[in-house]
2 protein chains.
Amino acid sequence: MTTRNTGVRASLHHHPLPNPVPTGEYEHCPVTDVLRRVTDKWTLLLITLLGRRPYRFNELHRAVEGISPRMLTRTLRTLESDGLVDREVFPTVPPSVEYRLTPLGVSLLEPLSVLAEWAVDHHTEIVAARQRPS
Amino acid sequence: MTTRNTGVRASLHHHPLPNPVPTGEYEHCPVTDVLRRVTDKWTLLLITLLGRRPYRFNELHRAVEGISPRMLTRTLRTLESDGLVDREVFPTVPPSVEYRLTPLGVSLLEPLSVLAEWAVDHHTEIVAARQRPS
DNA sequence: CTGAATCCGAGTCGATACTG
DNA sequence: CAGTATCGACTCGGATTCAG
C-alpha cells in the first residue's frame with residue numbers, strides 16, 4: 001500500500017461504528033501500517049533470526065536462502081529506519097557490520113509469535129480451502 | 001516506452017482479475033503466507049467489520065470509505081477462497097449477497113487483536129524513529 | 001444491487017554486475 | 001566484507017465502463 005490514508009469508518013479496536021462519519025481526515029491505520037512492514041517477503045524471517053542473536057550482513061545472507069544483497073540491504077534499512085533493528089559498524093579491515101533487534105524489535109516477537117502459532121495451526125485448513133472447487 | 005507488455009506474452013499470462021489471487025511462492029512459510037493475505041490494503045479492515053456482523057456488498061462498500069467495487073470483490077473473493085469468509089446469495093430481485101466470517105475467520109480475530117494492540121501501543125515510537133535523522 | 005471487463009501507473013522484487 | 005547500480009518482470013490497486 002502506498003502511504004495513502006485508508007479512509008476508514010471503523011478500526012480494529014473497539015470504537016462503536018459511527019454511522020456517517022463525516023470526516024475525510026482519518027489517520028492512517030497503525031495496524032495495517034505495521035503489518036505492511038512485517039509482511040514483505042523477507043522481514044518476518046529476518047526479525048525471527050535476529051530474535052535469536054545479532055548477525056553480520058553476510059551471515060544473514062547465508063542464513064536466508066535466496067535473498068539478494070539488494071533485498072537484504074533494503075529490508076534491513078527499513079527495519080532500522082522503523083527503529084526495530086540497530087546497525088553497528090565496526091571499522092575493521094575488512095569492514096564488519098552487525099545487526100541486532102532493538103528493545104522495540106524484541107517487543108514485537110511475542111505478538112508475532114501469537115499470529116505465527118495461529119498460522120501454523122490453521123495453514124492446512126487454508127490450503128485445503130484454496131483447493132476446494134468453486 | 002514504459003514497461004507495458006506487448007502482444008502474445010501479455011495475453012497469455014496477464015489475467016486482469018485472477019480469481020484466487022496468485023499466491024506466489026509463499027505457501028512454503030505458513031506464517032508469511034497468512035500475513036501476506038491479511039496485509040493487503042483492505043483485508044484487515046474487512047475482517048474487522050465482518051467480525052462484528054454479516055454485511056451485504058454495498059454495506060461494505062459504504063462502510064469502507066474509498067474502496068472500489070473491484071477491490072472489494074477481489075478481496076472478498078480471496079477471503080472466501082481461503083476459507084475465512086462465507087458468501088451467501090439470496091436470489092431476490094434485486095439480488096442480495098451476504099458475507100460473514102467462517103469459524104476459521106473468527107478464530108483469526110484474536111491473534112490479530114494481539115498484534116493490533118502492539119501496533120497501537122508502539123506506532124508513535126515507530127513514526128518517531130522514521131523521522132529521526134538517520 | 002452485485003458485480004465483471006479493461007486500461008494503466010506505481011510500487012515490489014529478482015538478477016546481475018560492480019565498488020570501497 | 002558489505003554493500004550500490006541498473007535493468008526488467010511482475011503485481012497491486014485505482015478509474016472507468018458495462019452487465020445480469
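Below, chains carry the letters A, B, ... as their sequence lines are ordered, and counting in each starts from 1. What's counted below: heavy atoms across the whole structure, side chains too, no hydrogens, waters or symmetry copies.
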Nucleotide [N], atom [atom2] - distance to [atom1] of [X] in whole Å:
X     : N      : atom1 : atom2 : answer
B:K41 : D:dC12 : NZ    : P     : 14 Å
B:H61 : C:dT2  : NE2   : P     : 11 Å
B:E98 : C:dG3  : CD    : P     : 12 Å
A:E59 : D:dG3  : CD    : P     : 13 Å
B:W42 : D:dC12 : CH2   : P     : 15 Å
A:F57 : D:dG3  : CZ    : C1'   : 6 Å
B:L44 : D:dC12 : CG    : P     : 17 Å
A:L60 : D:dG3  : CG    : C1'   : 13 Å

query: Want to settle it: does B:P95 or A:P94 sit nearer the 5' end of DNA chain C, counting the closest nucleotide to each?
result: B:P95
Return the minimal non-hydrogen interatomic distance between [X] and [Y], and the atom names on each side.
X      : Y      : result
A:L49  : A:Y55  : O-CE1, 3.4 Å
B:L109 : B:G51  : CD1-CA, 3.9 Å
A:P30  : B:A119 : O-CB, 3.9 Å
B:L115 : A:L112 : CD1-CD2, 4.0 Å

- prompt: Quick one, which residues of residues 70-78 of chain A touch DNA chain C with a heavy atom under 4.0 Å?
  reply: A:R70, A:M71
- line: Taking for B:S68 and for A:P69 the nucleotide of DNA chain D with the nearest heavy atom, the one nearer the 5' end belongs to A:P69
- prompt: What's the closest nucleotide to the A:R62 side chain, out of C:dC1, D:dG3, D:dC1?
  reply: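 Nearest to the side chain of A:R62 among the choices is D:dC1.
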field: Selected nucleotide, minimal atom distance to A:R56 side chain, candidates D:dC1, D:dG3, C:dT2
entry: D:dC1
query: For B:D86, does its backbone N or O pair with a side-chain atom of B:T102 as donor and acceptor, under 3.5 Å?
result: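 No, the answer is negative, given that no donor and acceptor are paired below the 3.5 Å cut-off.
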message: Keeping B:D40 on the side-chain end and B:T43 on the backbone end, is there a donor-acceptor pair under 3.5 Å?
response: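 Yes, B:D40 side chain to B:T43 backbone: donor-acceptor pair under 3.5 Å.
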message: Please determine whether a side-chain nitrogen or oxygen atom of B:Y99 lies at a distance below 4.0 Å from atom OP1 or OP2 of C:dG3.
response: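 Checking B:Y99 against C:dG3: at least one side-chain N or O falls below 4.0 Å of OP1 or OP2.
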query: Going by atom types only, do A:T39 and B:R36 share a side-chain donor-acceptor pair under 3.5 Å?
result: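 The criterion, which ignores hydrogens and geometry beyond distance, is not satisfied for B:R36 and A:T39.
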